[in-house]
There are 2 protein chains.
Amino acid sequence: MDSVAVENYLKSIWELGPDDVATQDLAQLLNVAPASATKMVQRLTERGLVKHIPYKGASLTSEGRRRALSVVRRHRLLETFLSQTLDLGREQLHEEAENLEHGLSTELETVIANYLGNPERDPHGHPIPGPNGELPIDEDLLLSDCSLNQYLVVTQVPDRDPELLTWLEKNGIFPGIKLKIVSRDDFGGGINVSLEDSSIQISTSVANEVYVKLEND
Amino acid sequence: MDSVAVENYLKSIWELGPDDVATQDLAQLLNVAPASATKMVQRLTERGLVKHIPYKGASLTSEGRRRALSVVRRHRLLETFLSQTLDLGREQLHEEAENLEHGLSTELETVIANYLGNPERDPHGHPIPGPNGELPIDEDLLLSDCSLNQYLVVTQVPDRDPELLTWLEKNGIFPGIKLKIVSRDDFGGGINVSLEDSSIQISTSVANEVYVKLEND
DNA sequence: TAATAGTTTTAGCCAAGGCTAAACTTTATA
DNA sequence: TATAAAGTTTAGCCTTGGCTAAAACTATTA
């Protein structure tokens with residue numbers, strides 16, 4: 001069994017990957033000093049879970065990726081389970097799942113997955129890896145990359161920042177919602193979006209974290 | 001925040017307590033060497049969570065007890081929650097709750113408690129401590145202490161041993177079930193019990209782990 | 001009551017996972 | 001292209017929570 005620390009490193013490298021994950025980014029995501037990240041990356045390299053080119057970056061081996069995706073699967077199943085049973089707000093799910101994911105046994109993971117009907121996405125729209133680490137190719141589009149006046153459906157919102165999620169929620173942006181970009185402000189000022197019965201302005205940084213698909217699938 | 005190890009030590013001392021908890025018993029319950037238990041008991045004494053009289057035994061301070069009961073509360077709420085939502089068998093609950101209890105935040109604990117209607121007992125019949133460590137006085141009787149031919153209701157079964165729990169379940173012994181001791185075998189050979197529509201023999205060691213109350217409250 | 005068995009503690013070791021300070025690479029800039 | 005800035009690694013330290021072996025204490029029994 002991987003320790004909590006190892007699981008968190010693997011998951012973080014996966015999230016920052018797939019290639020050349022910088023020590024600093026890893027350290028920042030995990031709230032540790034860069035030197036600590038270097039040391040752990042070296043240990044994981046010893047164990048065959050990470051490939052590390054000094055001064056260049058880290059990436060997961062296939063075994064490392066398998067284990068990272070196991071953590072991601074548990075995380076996303078827990079988010080879905082908590083959302084379904086307790087209806088927590090979408091902005092509370094991430095942190096709770098983060099705490100519980102390391103204690104979820106394979107057996108309970110399976111029971112929960114079955115209970116939920118083996119869902120393909122969590123409440124933020126993120127795809128849930130299969131029990132063996134299969135991850136469907138994610139073909140969603142970045143909202144900020146879409147053209148004007150296309151009919152779009154939101155597929156994914158970020159999960160980490162509760163403030164941002166609360167704001168998105170309040171403005172009616174979450175998976176399943178239909179919208180259309182009506183105009184772009186100059187100089188990276190953001191985009192203007194019309195929803196079912198409102199229209200709002202979304203900054204570029206936020207639009208870079210929201211994924212959509214074309215409405216006619 | 002207490003570490004997982006500290007939480008487990010506190011919980012175990014509480015379970016073995018209230019007084020003069022032997023190093024060996026503690027070590028055995030936690031699957032560590034006696035020397036490791038001694039060392040941790042000393043550290044917890046430093047921290048003011050445990051009182052330790054060398055060569056005599058350990059016990060919890062009131063703060064130690066408060067923290068131990070917080071773990072017990074999380075454990076029992078989780079058992080209840082898993083049982084209610086996923087209907088796991090009673091024999092699977094303990095281990096899963098053991099894994100998850102350390103990752104349950106105070107906020108989620110509260111949400112779960114409310115969702116369940118602030119239950120007073122878990123699926124094994126064990127009382128659930130309140131959010132501030134209040135524990136109602138447990139007045140249940142040991143099955144093995146009861147007299148013949150009294151009308152009894154099972155209130156608590158043990159939670160740790162899945163084999164035993166499966167056996168009890170199969171023979172219809174779980175909280176809420178009515179029964180009566182019809183006779184005692186000689187020389188500690190156990191007791192003969194009649195249930196609603198069966199009768200079985202229960203060994204003394206098992207009868208020492210089942211609690212009951214008189215049927216007329 | 002003296003020897004022995006059982007329990008507990010001490011001493012000394014180890015690995016994991018943190019940290020800071022200093023050294024080393026790489027990248028950017030003058 | 002030399003030098004400064006930024007990022008990374010190394011070195012050395014610390015705490016936690018394990019372990020074993022040996023010493024010390026307690027309890028039992030001859």
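For Q42(B), a side-chain nitrogen or oxygen approaches OP1 or OP2 of dT10(C) to under 4.0 Å. The phosphate of dT10(C) (OP1 or OP2) has no side-chain N or O of T38(B) nearer than 4.0 angstrom. Under 4.0 angstrom from either OP1 or OP2 of dG18(C) there lies at least one side-chain N or O belonging to Y9(A). Between dC19(D) and S36(B), a contact under 4.0 Å exists linking OP1 or OP2 to a side-chain N or O. Remark: H52(A) is in phosphate contact with dT9(D), judged by side-chain N or O atoms under 4.0 Å from OP1 or OP2.
Distance from the side chain of T23(A) is smallest for dT8(D) among the nucleotides dT8(C), dT8(D), dT10(C). Nearest nucleotide to the side chain of V32(B), out of dG18(D), dG17(D), dT8(D): dG18(D). Comparing dT9(D), dA21(D), dG17(D) by their nearest atom to the side chain of P54(A) picks out dT9(D).
For the pair M40(A) CE and dA15(C) P, the interatomic distance rounds to 15 Å; values are reported in whole Å. Atom CZ in R43(A) sits roughly 13 Å away from atom P in dT10(D) (whole-Å rounding). For the pair L30(A) CG and dC19(C) P, the interatomic distance rounds to 10 Å; values are reported in whole Å. Computed from coordinates, the Y55(A) OH to dT9(D) C1' distance equals 4 Å when rounded to whole Å. Regarding D2(B), its CG atom lies at a distance of 10 Å from the P atom of dG17(D), rounded to whole Å. One atom, CG of D20(B), and another, C1' of dT26(D), lie 14 Å apart when rounded to the nearest Å. What separates CD of Q24(B) from C1' of dT9(C) is a distance of 13 Å, to the nearest Å. Look at CD1 on I53(A): it is 20 Å from P on dG7(D), rounded to the nearest Å.
Around CD of E95(A), the count of heavy atoms belonging to other residues, nucleotides or ligands within 6.0 Å does not exceed 12. The environment of CD in E98(B) is crowded: more than 12 heavy-atom neighbours from other residues, nucleotides or ligands sit within 6.0 Å.
Smallest separation of non-hydrogen atoms from M40(A) and A5(A): CE-CB, 4.0 Å.
Using a 4.0 Å heavy-atom distance criterion, K39(A) is classed as a base contact. Nucleic acid contact for A37(B): none, since no nucleic acid atom lies under 4.0 Å from a heavy atom of the residue. A33(B) comes within 4.0 angstrom of a nucleotide base, judged by non-hydrogen atoms across all strands.
Both A5(A) and A35(A) lie near DNA chain C, and the one whose nearest nucleotide falls closer to the 5' end is A5(A). Residues D25(B) and V4(A) both approach DNA chain C. Their nearest nucleotides, taken by heavy-atom distance, put D25(B) toward the 5′ side.
No close placement of the H124(B) and H94(B) rings is indicated, their centers lying 6.0 Å or farther apart.
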| task | Quick one: do R67(A) and E7(A) satisfy salt bridge (Lys or Arg N to Asp or Glu O under 4.0 Å)? Show the steps, please. | result | CA-CA 8 Å; R67(A) 298 199 198 181; E7(A) 287 198 344; over 6 Å; no
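The side chain to side chain donor-acceptor pair (under 3.5 Å) test applied to Q156(A) returns D138(A), D140(A), not counting sequence neighbours.
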